[in-house]
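Within every chain, numbering begins at 1; the chains are lettered A, B, ... in the order of the sequence lines, protein sequences first and strands thereafter.
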4 protein chains.
Amino acid sequence: MSAPPSAPRRRSERSRRAIYDAALSLVGEIGYPRTTIEGIAARAGVGKQTIYRWWSSKADVLLEAFLDLGDGPAPPALPDTGDLAADLKAVLRATVDTLRDPRFDTPARALAAEGVVDAELGRRVVAQLLQPSLQLYVDRLRAAQRAGDVRPGIDPRIALELFVSPLAQRWLQHTAPFSYEYTDTLVDYALYGLVPR
Amino acid sequence: MSAPPSAPRRRSERSRRAIYDAALSLVGEIGYPRTTIEGIAARAGVGKQTIYRWWSSKADVLLEAFLDLGDGPAPPALPDTGDLAADLKAVLRATVDTLRDPRFDTPARALAAEGVVDAELGRRVVAQLLQPSLQLYVDRLRAAQRAGDVRPGIDPRIALELFVSPLAQRWLQHTAPFSYEYTDTLVDYALYGLVPR
Amino acid sequence: MSAPPSAPRRRSERSRRAIYDAALSLVGEIGYPRTTIEGIAARAGVGKQTIYRWWSSKADVLLEAFLDLGDGPAPPALPDTGDLAADLKAVLRATVDTLRDPRFDTPARALAAEGVVDAELGRRVVAQLLQPSLQLYVDRLRAAQRAGDVRPGIDPRIALELFVSPLAQRWLQHTAPFSYEYTDTLVDYALYGLVPR
Amino acid sequence: MSAPPSAPRRRSERSRRAIYDAALSLVGEIGYPRTTIEGIAARAGVGKQTIYRWWSSKADVLLEAFLDLGDGPAPPALPDTGDLAADLKAVLRATVDTLRDPRFDTPARALAAEGVVDAELGRRVVAQLLQPSLQLYVDRLRAAQRAGDVRPGIDPRIALELFVSPLAQRWLQHTAPFSYEYTDTLVDYALYGLVPR
DNA sequence: AGGTAATCGAGACGGTACGTCTTGTCTTACC
DNA sequence: GGTAAGACAAGACGTACCGTCTCGATTACCT
């Protein structure tokens with residue numbers, strides 16, 4: 001619970017931040033594929049070896065840089081007004097806004113793509129980037145189950161995919177201009193099903 | 001109304017096939033990132049220029065090679081036994097099998113990843129690879145609507161995402177060993193909703 | 001002595017001229033190394049095969065094009081005013097002028113360079129381009145010998161090199177701005193020798 | 001005034017030598033035109049970039065490799081036995097031997113050819129390869145002038161061309177099998193002139 | 001007056017080399 | 001010992017030409 005034991009003893013904090021900044025700004029400016037480790041090192045004013053010493057790949061740098069962005073404010077719980085549909089719709093609308101922000105979109109998209117092909121990275125992206133957010137849905141759905149608003153047998157881990165995955169899919173595959181109306185519809189369909197009641 | 005005037009005049013069919021074969025086999029053997037245009041050309045016994053003449057990128061070659069695989073047998077319609085849930089479950093189970101086949105998985109995954117980052121390619125992947133299959137779901141759902149098995153107001157194009165997107169998501173992000181049980185569950189949740197009936 | 005037996009029977013005169021023009025103009029514009037057979041064919045409006053059918057190399061085309069330029073006016077004999085020194089100085093001054101003309105300089109220089117490395121081409125360049133001019137010096141020197149102006153034992157074939165080779169050397173190796181004064185000096189040195197008389 | 005500031009800081013001596021060796025041996029084996037930078041790099045066990053980093057062209061590499069060969073033994077002065085004709089004949093005979101040595105002939109010829117077409121390289125070839133040798137002739141001729149063996153008004157820089165340029169010319173243009181007899185004749189002609197004494 | 005065969009333009013083809021770019025390792029000198 | 005700097009071996013990139021080949025479409029000769 002104390003300090004990490006074998007952690008780098010004289011690692012330069014200054015370089016670490018400069019590398020994060022360079023990586024994120026380059027990805028934003030020229031895109032992920034044209035961002036190179038050499039480019040990051042040059043912009044960060046850092047030797048290449050300093051990058052290779054602490055990270056294993058370009059994607060690795062970007063993932064940590066991206067995670068570093070989100071540090072600080074603890075992820076807030078989903079709202080619970082008692083109205084499950086309304087709460088989910090509100091959160092998904094906020095998600096739509098986030099996905100539309102290029103500062104988020106470009107690096108997140110790059111990491112998602114890399115994770116599709118590189119299984120190891122994919123696992124880390126899911127675990128460190130997605131999991132925390134998804135857990136909030138699980139929590140909210142369990143609360144709804146306790147309140148009798150969701151059928152008891154339902155597995156929340158699967159249930160949340162009914163509205164989260166379609167949205168993610170549309171985002172990743174440029175299938176959409178996704179709208180509030182779309183996410184609202186997803187929530188309605190998922191909650192009340194497709195067959196006549 | 002005579003012969004096409006500006007169509008490529010004497011393109012070598014032999015080379016085209018050899019390039020498709022080389023691209024697919026290399027992606028299967030060493031993975032997409034380590035597959036190079038030079039490698040494809042070498043294995044196909046073809047000059048690099050012949051590839052650059054007809055395709056614009058490695059992904060482009062792979063997409064066409066992959067599409068070429070599926071040519072021939074027209075995509076069959078979804079079964080319609082009258083039992084919507086059973087029909088969907090059967091089709092999704094077949095999809096699970098396909099996604100598990102490495103001959104399909106590796107190139108499809110690579111194309112999906114590339115499409116995430118390259119919007120233009122993404123559009124083509126969706127339009128040429130995904131759309132035809134998705135249309136079959138739309139057709140089946142419309143038939144179900146006419147039979148009164150699906151609520152009239154439901155948009156089939158959105159409805160299908162409730163079970164297709166979660167499956168795709170789990171496949172792409174290595175989130176799951178996805179099972180028949182999982183896809184069955186997806187169908188049940190999607191059809192009957194999450195809230196108590 | 002009749003018509004050449006296996007000579008090309010239906011060769012296109014139009015193409016031949018166009019190829020000569022294209023070769024010479026390209027060499028003049030972009031230099032010999034950057035002149036390509038493809039470029040010549042394109043500018044001449046000719047298929048590449050038409051060039052390969054009749055010539056064996058880029059240098060071959062240029063040599064024939066260059067020879068073709070000089071066709072027509074028979075090479076005039078050297079003047080013989082009775083004053084050998086004056087006659088030689090006059091001819092060498094004219095040669096200086098020719099070598100300074102870029103229309104002559106660029107292709108001739110390219111052919112000379114190619115001939116240095118390619119022995120077979122070198123022989124042809126010497127035989128077809130140089131020999132005729134050199135023969136004129138031989139003739140003039142022989143006449144001078146008959147007139148008693150040159151020692152009887154002198155080999156004219158070697159003697160002419162005393163003033164021709166230095167000039168050629170300075171031209172080829174950019175050693176000079178060569179001047180009339182220089183060529184005059186060469187003639188004086190060569191005729192009267194270096195040692196005190 | 002301390003260490004050279006902008007000098008190449010850590011150039012690999014090992015690579016430099018390997019590149020020289022590879023260049024010279026390849027030119028000797030397959031000739032200059034078929035020698036490629038890729039081939040030199042491969043034989044030297046060196047990355048292409050290492051060549052491009054330090055040299056600007058194939059000819060540049062070869063020139064330096066060739067100069068490197070001659071480093072070490074300072075070029076000796078021409079002999080001065082008091083007999084100018086004999087001294088010149090002896091030196092030219094030695095030159096004939098050198099020009100006949102394929103280890104010298106092939107690269108020197110290639111450099112000469114390249115220098116004919118590339119003015120900048122030509123200047124360097126002349127200055128670094130030829131000039132030092134020619135200066136020896138100038139020195140010897142000046143000594144002869146002081147001894148009264150050469151007319152006072154003669155410019156040694158031009159005078160030496162009377163026998164050196166013809167020899168060079170015959171060498172470069174394959175005009176001759178040049179012999180000791182030929183060079184002896186050149187010296188005689190040049191020293192005593194062509195006109196009757 | 002056709003028939004036919006060589007020549008033509010066009011340009012795709014299998015190759016090779018180009019000169020550039022990036023990778024990941026390494027070495028040097030500074031701090 | 002970590003660092004900035006950057007040389008290094010390796011090798012893919014996309015381009016340019018090479019010399020060969022295959023297409024029709026003219027030709028010009030020869031029945």
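Atom C1' of nucleotide E:dC26 and atom CZ of D:Arg14 are separated by 13 Å, given to the nearest angstrom. Taking atom CD1 on D:Ile40 and atom P on F:dA9, their separation rounds to 14 Å, with Å as the unit. In this structure, A:Arg16 atom CZ and F:dT3 atom P are separated by 12 Å, rounded to whole Å. Between B:Ile51 atom CD1 and E:dA12 atom C1' the separation is 14 Å, expressed in whole Å.
Phosphate proximity of E:dG11 to B:Trp54: absent, as no side-chain N or O sits under 4.0 Å from OP1 or OP2. Here C:Ser15 reaches the OP1 or OP2 of E:dG9: one of its side-chain N or O atoms lies under 4.0 Å away. Residue D:Thr50 places at least one side-chain N or O under 4.0 Å from the OP1 or OP2 atom of F:dA9. Of the side-chain N and O atoms in A:Trp55, none sit less than 4.0 angstrom from OP1 or OP2 of E:dG24.
Side-chain contact between D:Leu62 and D:Tyr32 is present, with at least one heavy-atom pair separated by less than 4.5 Å.
With sequence neighbours excluded, the residues that form a side-chain contact (heavy atoms from CB on, under 4.5 Å) with A:Arg17 are A:Glu13, A:Asp68. Every side-chain contact (heavy atoms from CB on, under 4.5 Å) that A:Ile37 has, sequence neighbours left out, goes to A:Ile51, A:Tyr52, A:Lys58. Scanning for side-chain contact (heavy atoms from CB on, under 4.5 Å) contacts around A:Ala44 gives A:Ala18, A:Ile19, A:Ala22, A:Val46, with sequence neighbours left out. Applying the ring-ring contact (aromatic ring centres under 6.0 Å, His included) criterion to D:Phe66, with sequence neighbours excluded, gives D:Phe104.
Both A:Gly47 and D:Gly45 lie near DNA chain F, and the one whose nearest nucleotide falls closer to the 5' end is A:Gly47.
Judged by a 6.0 Å distance limit and a 45° cone about the ring axis, D:Arg11 is positioned over the six-membered ring of D:Trp54.
For DNA chain F, none of the residues of residues 18-33 of chain D falls under the heavy-atom distance limit of 4.0 Å.
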(message) Quick one, B:Arg34 with B:Glu29, criterion salt bridge (charged side-chain N to carboxylate O under 4.0 Å, His left out). Give me CA distance, side-chain angles, the key distance, then yes/no.
(response) CA-CA 10 Å; B:Arg34 295 177 49 209; B:Glu29 289 168 27; over 6 Å; no

(message) Quick one, D:Arg124 with D:Glu114, criterion salt bridge (charged side-chain N to carboxylate O under 4.0 Å, His left out). Give me CA distance, side-chain angles, the key distance, then yes/no.
(response) CA-CA 11 Å; D:Arg124 296 178 48 207; D:Glu114 207 70 5; over 6 Å; no

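Taking OG1 from B:Thr36 and CD1 from B:Ile30, the interatomic distance works out to 6.5 Å, rounded to the nearest 0.5 Å.
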(request) For each nucleotide in nucleotides 15-22 of chain F, reading 5' to 3', give B when a protein heavy atom comes within less than 4.0 Å of its base, S when such contact involves only the sugar-phosphate, and - otherwise. (result) BBBBBBBB

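Here E:dT7 is the nucleotide among F:dT3, E:dG14, E:dT7 with the atom lying nearest to any side-chain atom of C:Arg53.
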